[in-house]
Amino acid sequence: MSDAVQSLSRFLPELILMGALAVVIVADLLTQRRPLKNNTDLLNGITLVGLFGALVTSWQALGAVEAQSLFASMLADDGLLGVFRPIFCLTSIVVLLLSMRSKELEGVRLGEMLALLLTVTAALMWMAGSVNLVMIYLSLETVSVASYIMVGYLSSDRLSNEASLKYILFGAVSTGAMLFGLSLLYGMTGTLDLYGVRAALAEGAFGPGLLFVLILIAAGIGFKIAAAPFHFWCPDVYTGAPTPVTAFLSVGPKAAGFAILIRFFYLGLAEPAGGGAIVPVGGADWQMLLMMLAVITMTLGNVAALLQTNVKRLLAYSSIAHAGTMLMAACVLSVDGVQAIAAYLAIYLFMNLGAFAVVILAHRVTGSFEIDSYAGFWKRSPLLTVAMGIFLFSLMGIPPFAGFLAKWYVFAAVINAGLGWLAVIGVLNAAVAAFYYVKILRVMVIDQETGPTPALAFSRLDLGLLVLLVVPNVLGLLFWGSLDRVTEYSQTLLDLG
Amino acid sequence: MIPLEHYLYISAALFSLGVFGVLTRRNAVNVLMSIELIFNSANINLVAFSRFVEGALGGQVFALLVIVIAACEAAVALAIVMSLYRVMKNVNLDEAAELKG
């Protein structure tokens with residue numbers, strides 16, 4: 001009992017989100033007969049306050065307290081969770097702002113959408129903290145089920161429905177495979193606790209059987225981070241979903257998937273070897289498994305992105321490629337890799353959501369997601385073109401933009417671990433990626449639009465949103481020190497390092 | 001007493017049947033039924049292991065939670081299938097292929 005009470009005090013961001021969720025549901029019911037605008041404004045306000053409260057409390061909790069396990073060893077409140085919590089809150093805040101400006105969501109009642117957004121944000125935090133097989137599965141499914149509904153939110157839109165159906169079928173099969181793997185792992189080790197799993201695996205060599213189990217579990221995690229070959233849903237779902245939801249899926253669940261990947265492999269399947277390094281236990285070479293996943297994911301994402309004509313599809317493949325880059329850092333087998341992933345995600349959040357913000361603002365005036373519809377943007381709105389340029393150069397990893405810093409963390413960790421060949425493949429992939437990012441810019445700057453080209457007008461909210469997203473990308477290098485200091489907390493995984 | 005292996009054979013067979021169904025069926029509802037088979041194969045594993053491994057009751061709790069989650073997922077999936085039926089007039093997965101590229 002006292003454990004639960006004590007745990008609650010370290011559960012403040014999640015509690016705030018749950019409170020905001022309850023208020024949103026009730027407020028939505030109470031204002032259902034009011035005009036749509038009043039209803040939407042009120043709910044957006046409540047959600048924003050809730051998310052902001054969670055952001056502030058999770059920021060205060062970051063690094064301020066000792067790592068500790070919560071709720072009878074279901075969750076671990078440690079540096080890794082501490083770093084991921086603000087990432088999730090920031091993602092949801094930006095996505096909320098994007099949804100206010102999205103043309104697709106205009107005239108739609110947003111009550112359920114906002115309730116789902118709050119649910120998913122809290123569930124992402126549970127994912128990042130879980131150290132028990134039950135909790136891993138439960139939090140992963142909470143995120144999944146809520147995002148299935150968010151993808152299919154435009155219930156009269158055929159593409160939205162189709163995307164949602166594809167998402168739920170792929171999702172259910174991958175998490176089903178993962179569940180089967182978890183049940184076998186439970187049979188092998190006789191415990192559901194990750195630390196118990198580690199202890200049991202350390203006692204014997206399980207070899208190929210364990211590797212089979214790990215492949216099944218990798219299916220579930222790979223589905224969440226959109227790693228090849230579990231990525232088939234990703235382009236279709238990203239294209240069909242309302243764009244703010246797409247933006248959310250490309251950052252939030254991906255980040256949480258990486259948190260779970262780190263917890264599962266670094267805590268459950270490896271022993272600390274001193275100095276922050278770890279050694280795999282149980283006689284299964286999961287480092288090789290992750291390296292193969294990383295190489296396939298990067299290459300496939302980048303090559304397929306070259307062929308795309310729809311900007312949402314292109315960004316889907318680009319997000320697959322970024323997942324591959326982060327997977328490289330997961331192969332490092334030391335806490336450096338963990339920090340690299342955390343830093344990459346913190347920057348990726350701003351650059352990727354920035355690109356989606358431009359896509360949403362452009363859709364307001366062009367009504368299209370085809371890259372060709374961006375022709376002549378340089379004349380129509382230099383501001384939007386420059387912003388897109390910054391986001392795309394950042395995604396490419398070109399200095400002085402923040403994306404360079406993200407790439408630097410990953411490649412430094414990979415090279416320090418003696419995986420030079422992996423770094424070479426990564427650099428080649430980054431070169432390929434430059435082609436399709438530049439393709440978008442070329443259309444915006446060089447191609448001429450046929451027909452009338454009215455200048456684009458933006459509201460103050462649009463400008464504020466763009467500034468919020470551009471500034472971290474431009475000034476990233478100035479904040480290198482603080483980024484390093486903050487993400488360093490992610491190295492203190494409970495009971496490791 | 002039935003040995004542990006027999007439970008594992010059954011669950012492996014159910015899992016394979018489920019995967020086979022997912023890959024071959026074209027009707028969305030049939031695919032959902034196959035997915036239920038996958039979930040339940042894992043449940044059999046969990047309960048069987050929990051019975052045979054000394055002092056490991058967690059598996060039974062896990063199985064209960066899986067049943068709850070599977071029900072939620074089925075509810076959401078059927079709602080989506082209904083909604084798709086309204087715009088498409090059938091639930092054939094081959095025809096739900098407007099998103100391509």
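Predicted model only: the values in this text are computed from it and were never measured. Below, chains carry the letters A, B, ... as their sequence lines are ordered, and counting in each starts from 1.
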message = So which atom in A/Ser183 and which in B/Ala42 form the shortest heavy-atom distance, rounded to 0.1 Å?
response = CB-O, 3.8 Å
message = At a 4.5 Å cut-off on heavy atoms, which part of B/Leu8 comes close to chain A: side chain, backbone, both, or neither?
response = neither
request  = To the nearest 0.5 angstrom, please state how far the CE atom of A/Met178 sits from the CD1 atom of B/Ile38.
outcome  = 14.5 Å
remark   = OG1 of A/Thr175 to CZ of B/Phe39, rounded to nearest 0.5 Å, is 4.5 Å
ask   = Does CG in B/Leu23 sit with more than 12 non-hydrogen atoms of other residues, nucleotides or ligands closer than 6.0 Å?
value = yes
Minimum heavy-atom distance between A/Gly187 and B/Val53, given as atom pair plus value = O-CG2, 4.5 Å
query = Just wondering, are more than 12 heavy atoms of other shown residues or ligands nearer than 6.0 Å to CZ in A/Arg158?
reply = yes
ask   = Which atoms of B/Val76 come close to chain A, meaning under 4.5 Å heavy atom to heavy atom: side chain ones, backbone ones, both, or neither?
value = both
key: Pairs where residues 153-184 of chain A contributes a residue and the test ring pair (Phe, Tyr, Trp, His ring centres under 6.0 Å) is met, not counting sequence neighbours   = A/Tyr148-A/Tyr167, A/Tyr167-A/Phe223, A/Tyr167-A/Trp233, A/Phe180-B/Phe15
key: Side chain / backbone / both / neither for A/Leu307 at chain B, heavy atoms under 4.5 Å   = neither
task = Considering non-hydrogen atoms only, spot the tightest contact between A/Leu192 and B/Gly59 and give its length.
result = CD1-N, 4.1 Å
query = Heavy-atom distance under 4.5 Å to chain A: side chain of B/Ser34, backbone, both or neither?
reply = neither
message = Quick check on the interface: out of A/Gly152, A/Gly240, A/Ala163, A/Ala172, who has the most heavy-atom pairs with chain B under 4.5 Å?
response = A/Ala172
request  = Would you mind telling me which of A/Leu133, A/Thr239, A/Leu138, A/Asn161 has the largest number of heavy-atom pairs within less than 4.5 Å of chain B?
outcome  = A/Asn161
key: side-chain contact (heavy atoms from CB on, under 4.5 Å) assessment of B/Ile35 paired with A/Leu169   = CA-CA 8 Å; B/Ile35 289 170; A/Leu169 293 182; 4.0 Å; yes
Under 4.5 Å from a heavy atom of chain A, the part of B/Leu46 involved = both
note = chain B shares the most heavy-atom pairs under 4.5 Å, among A/Asn132, A/Val145, A/Leu159, with A/Leu159
remark   = By ring pair (Phe, Tyr, Trp, His ring centres under 6.0 Å), B/Phe49 pairs with (sequence neighbours left out) none
ask   = Can you name the closest pair of heavy atoms from B/Ile69 and A/Glu141 and give their distance?
value = CG2-CG, 3.6 Å
note = Closest non-hydrogen contact found for B/Leu84 with A/Glu162 is CD1-N, 3.7 Å
inquiry  = Is A/Ser155 close to chain B through its backbone or its side chain, or both, or neither, when contacts mean heavy atoms under 4.5 Å?
reply    = both
inquiry  = As a quick check of understanding, evaluate side-chain contact (heavy atoms from CB on, under 4.5 Å) for B/Val91 and A/Leu165, giving each step before the final call.
reply    = CA-CA 10 Å; B/Val91 289; A/Leu165 183 68; over 6 Å; no
message = Is there a side-chain contact (heavy atoms from CB on, under 4.5 Å) between A/Leu184 and B/Asn45? Walk through the geometry before answering.
response = CA-CA 7 Å; A/Leu184 290 177; B/Asn45 265 351; 3.5 Å; yes
note = Applying a strict 4.5 Å limit to non-hydrogen atoms, the region of A/Leu185 in contact with chain B is neither
note = Shortest non-hydrogen pair, B/Val87 vs A/Ser156, comes out as CG1-O, 3.6 Å
note = Answer key: most heavy-atom pairs under 4.5 Å with chain A among B/Ser50, B/Ala48, B/Ala70 is B/Ser50
